[in-house]
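Inspection log for the structure reproduced underneath, given as structure tokens.
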Protein chains: 2
Amino acid sequence: MKTITIPSATISRLPVYLRSLGDMPPTQATISSEQLAQIVGLNSAQVRKDLSYLGAAGVRGVGYGVAELRVDLREALGLTHGYGVAIVGAGNLGAALSNYGGFEAWGFEMSAILDTDAAKIGESLGGLLIEDLVDLERIVKQRDVAIGIVATPASSAQDVVNRFVKAGVRSILNFAPAIVQVPSGVVVRRVDLSTELQILTYHLHHNEAAG
Amino acid sequence: MKTITIPSATISRLPVYLRSLGDMPPTQATISSEQLAQIVGLNSAQVRKDLSYLGAAGVRGVGYGVAELRVDLREALGLTHGYGVAIVGAGNLGAALSNYGGFEAWGFEMSAILDTDAAKIGESLGGLLIEDLVDLERIVKQRDVAIGIVATPASSAQDVVNRFVKAGVRSILNFAPAIVQVPSGVVVRRVDLSTELQILTYHLHHNEAAG
DNA sequence: TAGATTGTTAATCGATTAACAATC
DNA sequence: TAGATTGTTAATCGATTAACAATC
């Protein structure tokens, strides 16, 4: 287990670097910090600093090997594991997520989609059968689910999170517009459409970045 | 036009404060910075500092009036305008977004949903007819669309963004897993499932926040 | 008045970036 | 060697927080 702590700002940029490398033409064997900075819209010093946390593979005068860098980034992010993902909520958002092709491409495995609605349970979605939320704990254990996704209305979010926590899930992605409480040791990331819209609205309202 | 510049970190917390106040029981007329901090998981000094940027309505020894604070937050975020929103991409994600009830609740207006797929154009989604992307510029002008949402595959994202920019849209929310380039004056926020998953994976991999 | 809580300052902390020696 | 670019230091910038006077 590595003990260097990577700053959280850097961590959230690592997936962006990784994606940028994926868009690279295969003819390009190396990339400089300056080029990468251009692509992702950052300062080249920051790129070098971020990559240095990975024990980067840069070569002075040349740049970073694209292939090596990709390996280093995947390694640092822990994308070598194939973590299982369970989605709770088989509504529109759950459907969109379960049909999102990217999961497998990034090494995640869609393990289950669950709901409480008897009318939905047993239906097929994204190649999986919708299962009953009451079975969450069993499913998490049997299929080794590591990541839980909450795609329910806000009113159910805390309950669903509690169930995930009880089942032993330590990483939760919350799409419900609600702030949920979790014990320490559990990481929750929140993605909220109305928050994003409201931040955009602030900029509209204040004419920011205008000119 | 107010000229005080609110730090971007504060701006992104304002919607969170606003939502927390919405969850408040109507019996509670005032709230202290300490209470609000508890709910959103922040330091009370930070809450006071954030609210002070709004020309906050706090009363020493008492706290903030819930109703006034809500008004101040909505005002600061520019939620008094009823901005029009257009979604490009009538796939699963576009469907989820167009059915997302929160738009109107927060004062946004779903103005249009567009796609390039002839099989989808003319179909109904979230109460709107799916329209042809080639008509985007006309639609933006006629319906005064202020915010564009990109819900297409990554490969189309830059093209769609270009169309939004050409049509005069200055605020874009990008759900496609692609980094897009825009001229200065245009604000893009990116929401990317695989980035979020990868950040969670980092924490899993490094056993962070464990204990 | 005594207790509570704001608004704000000053201290701290962390993140970004300019600069440059190291070196391919 | 000359040119390019890294890795890292030190300076800067910005954001968080402790502390406390102001005051309801």
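Chain letters run A, B, ... following the sequence lines, proteins first, then strands; residues in each count from 1.
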Who pairs with [X] by salt bridge (charged side-chain N to carboxylate O under 4.0 Å, His left out), at least two apart in sequence or on another chain?
X: B:Arg138; value: B:Asp135
X: B:Arg74; value: none
X: A:Asp192; value: A:Arg190, B:Arg19

I need the full list of salt bridge (Lys or Arg N to Asp or Glu O under 4.0 Å) pairs touching [range], with sequence neighbours left out, sorted by first then second residue.
range: residues 30-46 of chain B; result: none
range: residues 167-189 of chain B; result: A:Glu196-B:Arg189
range: residues 9-18 of chain B; result: B:Arg13-B:Asp50
range: residues 142-167 of chain A; result: A:Glu131-A:Arg143, A:Glu137-A:Lys166, A:Asp159-A:Arg163

Are any side-chain N or O atoms of [X] and backbone N or O atoms of [Y], one a donor and one an acceptor, separated by less than 3.5 Å?
X: B:Gln46; Y: B:Asn43; answer: no
X: B:Gln28; Y: B:Thr30; answer: yes
X: A:Ser98; Y: A:Gly94; answer: yes
X: A:Ser12; Y: A:Ser8; answer: yes
X: A:Ser156; Y: A:Thr152; answer: no

Given side chains that start at C-beta, do those of A:Val88 and A:Phe164 come closer than 4.5 Å, heavy atoms only?
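Touching, per the 4.5 Å side-chain cut-off.
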Short of 4.0 Å, heavy atom to strand atom, which residues of residues 25-39 of chain A count as contacting DNA chain D?
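Within this stretch, A:Ser32, A:Ser33 sit under 4.0 Å of the strand.
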Close residues, residues 63-70 of chain A, relative to DNA chain D [heavy-atom separation under 4.0 Å]
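Going residue by residue through residues 63-70 of chain A, the ones with a heavy atom under 4.0 Å of DNA chain D turn out to be A:Gly63, A:Tyr64.
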Taking for each residue the nucleotide of DNA chain C bearing the nearest heavy atom, is the 5' side occupied by A:Gly61 or by A:Asp50?
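Comparing both residues, the 5'-ward one is A:Asp50.
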Of B:Gly58 and A:Pro7, the one whose closest DNA chain C nucleotide lies more 5':
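Closest to the 5' end, via its nearest nucleotide, is B:Gly58.
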Residue that, paired with A:Asn174, satisfies side-chain contact (heavy atoms from CB on, under 4.5 Å) out of A:Val150, A:Ile149, A:Ile179
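When A:Val150, A:Ile149, A:Ile179 are each tested with A:Asn174, the side-chain contact (heavy atoms from CB on, under 4.5 Å) holds only for A:Val150.
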Tell me which residues in residues 40-49 of chain B put a heavy atom below 4.0 Å from DNA chain C, sorted by number, or none.
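When residues 40-49 of chain B is checked for heavy atoms under 4.0 Å from DNA chain C, the hits, listed by number, are B:Arg48, B:Lys49.
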For a quick check under 3.5 Å, do B:Ser44 and B:Arg48 share a side-chain donor-acceptor pair by atom type?
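A pair is found: one side chain offers a donor N or O, the other an acceptor, under 3.5 Å apart.
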Dot-bracket for DNA chain C, please, read 5' to 3', with Watson-Crick or G-U wobble pairs under 3.5 Å on both distances, ( ) within the strand, [ ] crossing, | other strand, . unpaired.
..||||||||||||||||||||||
Which nucleotide span of DNA chain D, 5' end to 3' end, has atoms closer than 4.0 Å to non-hydrogen atoms of chain B?
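Endpoints of the contacted stretch of DNA chain D: D:dA15 to D:dC24.
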